[in-house]
Trainee: 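Take this structure first; my questions come after.
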Amino acid sequence: MTVQVLEDREALARAVAHRISTRVAELQETQARRPRLVLTGGSVAGEIYGLLTGDALTWQEVDYYWGDERYVESSSSDRNELQAREAFLDRFEVPEERIHAMPAAARYASKEEAAESYAADLPDEFDLVLLGVGPDGHIASLFPGFEQLAVLDRDVVAVDDSPKPPPERLSLTFAALNRTTALWFVVAGEDKAQAVAAALAGSPVEEVPAAGARGIEETLWLLDTEAAGRLPR
């Protein structure tokens with residue numbers, strides 16, 4: 001477990017964009033298959049994706065997945081997929097076969113069927129998972145006190161009654177999120193400080209879901225000074 005604190009939100013976004021670019025390039029040089037990257041949503045993520053630079057061929061040879069998605073129409077601005085497309089996937093003309101988006105509403109008869117379909121598309125392992133953290137300590141769409149926190153036999157679950165809108169979602173479970181070589185938390189803002197401190201202190205997962213996410217080889221917390229404001233000095 002490693003914690004790195006950046007001066008402010010802008011510095012955090014720049015640093016994470018550089019780290020992602022460097023890691024993807026390293027993976028492409030050292031392994032035979034394409035890198036597998038799990039994207040997150042949120043405003044900081046959008047800023048990071050907008051800062052990604054480099055050869056388009058680099059980004060075209062990556063398989064992209066999502067940690068969670070809002071179960072809305074495919075054209076909805078609420079979708080994490082749309083954010084990533086606008087910020088960098090379309091910019092680098094990433095082929096559709098590399099973009100493994102979670103199903104949109106109405107494509108399947110139910111969220112449960114959509115979850116099963118997405119699970120069937122997931123690989124055995126990821127190279128890098130990016131996660132934000134909510135003020136309540138949630139990650140992806142795994143919220144405090146929700147039954148999905150205890151699901152170990154499935155990779156994708158349907159979520160109802162999300163504490164933040166929209167209420168219906170799909171989410172990777174811990175079983176899938178933790179099946180990654182590296183897992184990076186990216187967190188900015190004073191409103192996240194208590195959740196960050198609680199997760200790093202080892203709070204129960206039922207209360208602070210972020211405490212349950214781990215990479216196989218690397219777990220890295222990338223924070224701005226506000227998000228790190230309640231960590232021990």
Side-chain angles (χ1 to χ4, degrees), residues 1-23 37-52 66-70 77-80 82-84 86-88 128-146 148-149 159 161-167 169 171-172 174 177-178 180 182-215 218-233:
M1 183 87 69
T2 303
V3 177
Q4 181 178 3
V5 180
L6 285 303
E7 180 180 359
D8 54 28
R9 183 188 181 101
E10 182 180 351
L12 174 65
R14 288 198 308 269
V16 176
H18 177 71
R19 279 183 173 273
I20 294 172
S21 300
T22 301
R23 180 61 59 90
L37 175 59
V38 175
L39 302 176
T40 186
S43 58
V44 176
E47 293 169 24
I48 292 167
Y49 301 152
L51 291 169
L52 295 174
W66 274 263
D68 74 323
E69 187 56 274
R70 288 80 179 268
S77 60
D78 283 330
R79 281 183 65 82
N80 293 328
L82 185 61
Q83 177 193 52
E86 293 178 344
F88 85 106
L128 173 61
V129 168
L130 302 173
L131 287 175
V133 177
D136 60 355
H138 84 264
I139 53 172
S141 285
L142 301 177
F143 296 97
F146 275 44
Q148 290 85 357
L149 295 172
V159 178
D161 300 323
S162 163
K164 56 184 295 189
R169 296 160 177 250
S171 181
L172 298 191
F174 286 120
L177 291 170
N178 292 353
T180 181
L183 188 148
W184 298 353
F185 294 95
V186 181
V187 194
E190 184 179 5
D191 61 328
K192 314 291 180 62
Q194 181 57 46
V196 169
L200 285 167
S203 296
V205 172
E206 296 77 15
E207 298 175 10
V208 185
R214 295 285 187 277
E218 177 185 38
T219 304
L220 176 61
W221 287 79
L222 295 156
L223 314 170
D224 70 357
T225 52
E226 291 186 347
R230 296 199 181 188
L231 296 181
R233 304 226 178 241

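Only this structure's heavy atoms are used, side chains among them; waters, hydrogens and symmetry mates stay out.
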Trainee: Would you say the side chain of Ile139 lies within less than 4.5 Å of the side chain of Phe174, judging by non-hydrogen atoms?
Mentor: yes

Trainee: What distance separates Leu183 CG from Leu131 CG, expressed to the nearest 0.5 Å?
Mentor: 5.0 Å

Trainee: Report the C-alpha separation of Lys192 and Leu223 in whole Å, then their side-chain angles, then the decisive distance to 0.1 Å, and conclude whether the side-chain contact (heavy atoms from CB on, under 4.5 Å) test is met.
Mentor: CA-CA 10 Å; Lys192 314 291 180 62; Leu223 314 170; over 6 Å; no

Trainee: So which heavy atom on Val196 is nearest to which on Ala227, and how close?
Mentor: CB-O, 3.7 Å

Trainee: Do you know the tightest heavy-atom contact between Arg214 and Asn178?
Mentor: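 Looking at all heavy atoms of both residues, the shortest contact is N-OD1, 2.9 Å.
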
Trainee: Of Leu39, Leu51, Leu130, which meets side-chain contact (heavy atoms from CB on, under 4.5 Å) against Ile20?
Mentor: Leu130

Trainee: Go through the steps to decide whether Leu12 and Val186 satisfy the test side-chain contact (heavy atoms from CB on, under 4.5 Å), and finish with yes or no.
Mentor: CA-CA 8 Å; Leu12 174 65; Val186 181; 4.2 Å; yes

Trainee: With heavy-atom distances below 4.5 Å as the criterion, would you say the side chains of Leu177 and Leu142 are in contact?
Mentor: yes

Trainee: Do the rings of Trp221 and Phe185 sit parallel, tilted or perpendicular, given the 30° and 60° boundaries?
Mentor: parallel

Trainee: Tell me, yes or no, whether the heavy-atom count around Gln4 atom CD, taken from other residues, nucleotides or ligands under 6.0 Å, exceeds 12.
Mentor: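 Atom CD in Gln4 is packed in, count exceeds 12.
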
Trainee: If we only count heavy atoms from C-beta on, is the Phe143 to Pro209 side-chain gap below 4.5 Å?
Mentor: no

Trainee: Could you tell me which non-hydrogen atom of Val44 sits nearest to which non-hydrogen atom of Ala188, and how far apart they are?
Mentor: CG2-CB, 3.8 Å

Trainee: So do the side chains of Ser21 and Leu52 get within less than 4.5 Å of each other, counting heavy atoms only?
Mentor: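 Yes, at least one pair of side-chain atoms sits under 4.5 Å.
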
Trainee: Could you give the distance from CZ (Arg70) to CG (Leu82), rounded to the nearest 0.5 Å?
Mentor: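 Between Arg70 CZ and Leu82 CG, I get 11.0 Å after rounding to 0.5 Å.
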
Trainee: Under the side-chain contact (heavy atoms from CB on, under 4.5 Å) criterion, do Trp184 and Val129 qualify, and how do the steps go?
Mentor: CA-CA 6 Å; Trp184 298 353; Val129 168; over 6 Å; no

Trainee: How many angstroms lie between CD in Glu69 and CG in Leu172, if you round to the nearest 0.5 Å?
Mentor: 11.0 Å

Trainee: Using a distance-only test with no angle check, is there a side-chain donor-acceptor pair under 3.5 angstrom linking Arg169 and Gln148?
Mentor: no

Trainee: Grab the two heavy atoms, one from Gly67 and one from Val38, that are nearest each other, plus how far apart they are.
Mentor: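 Taking Gly67 first and Val38 second, the nearest heavy atoms are N-CG1, 3.4 Å.
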
Trainee: Is a side-chain donor-acceptor pair under 3.5 Å present for Arg9 with Ser43?
Mentor: yes

Trainee: Just so I know, are the side chains of Ser141 and Phe146 near enough to count as touching, which here means a heavy-atom distance under 4.5 Å?
Mentor: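 A side-chain contact is absent here, since even the closest heavy-atom pair is not under 4.5 Å.
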
Trainee: Ala211 and Ser203: which non-hydrogen atoms are nearest, and at how many Å?
Mentor: CB-O, 3.3 Å

Trainee: Can you name the residues that form a side-chain contact (heavy atoms from CB on, under 4.5 Å) with Glu10, not counting sequence neighbours?
Mentor: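 Glu10: side-chain contact (heavy atoms from CB on, under 4.5 Å) contacts with Asp8, Arg14.
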
Trainee: Got a donor-acceptor contact below 3.5 angstrom from the Glu206 side chain to the Pro144 backbone?
Mentor: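 No, because the side chain of Glu206 does not come within donor-acceptor range (under 3.5 Å) of the backbone of Pro144.
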
Trainee: Distance only, no hydrogens: is a donor on one side chain within 3.5 Å (strictly under) of an acceptor on the other, for Asp68 and Ser171?
Mentor: no

Trainee: Restricting to non-hydrogen atoms, name the atom on Thr40 and the atom on Gly132 that form the minimum distance, rounded to 0.1 Å.
Mentor: OG1-N, 3.4 Å

Trainee: Quick one, Leu231 and Leu200 - any side-chain contact, counting heavy atoms below 4.5 Å?
Mentor: yes

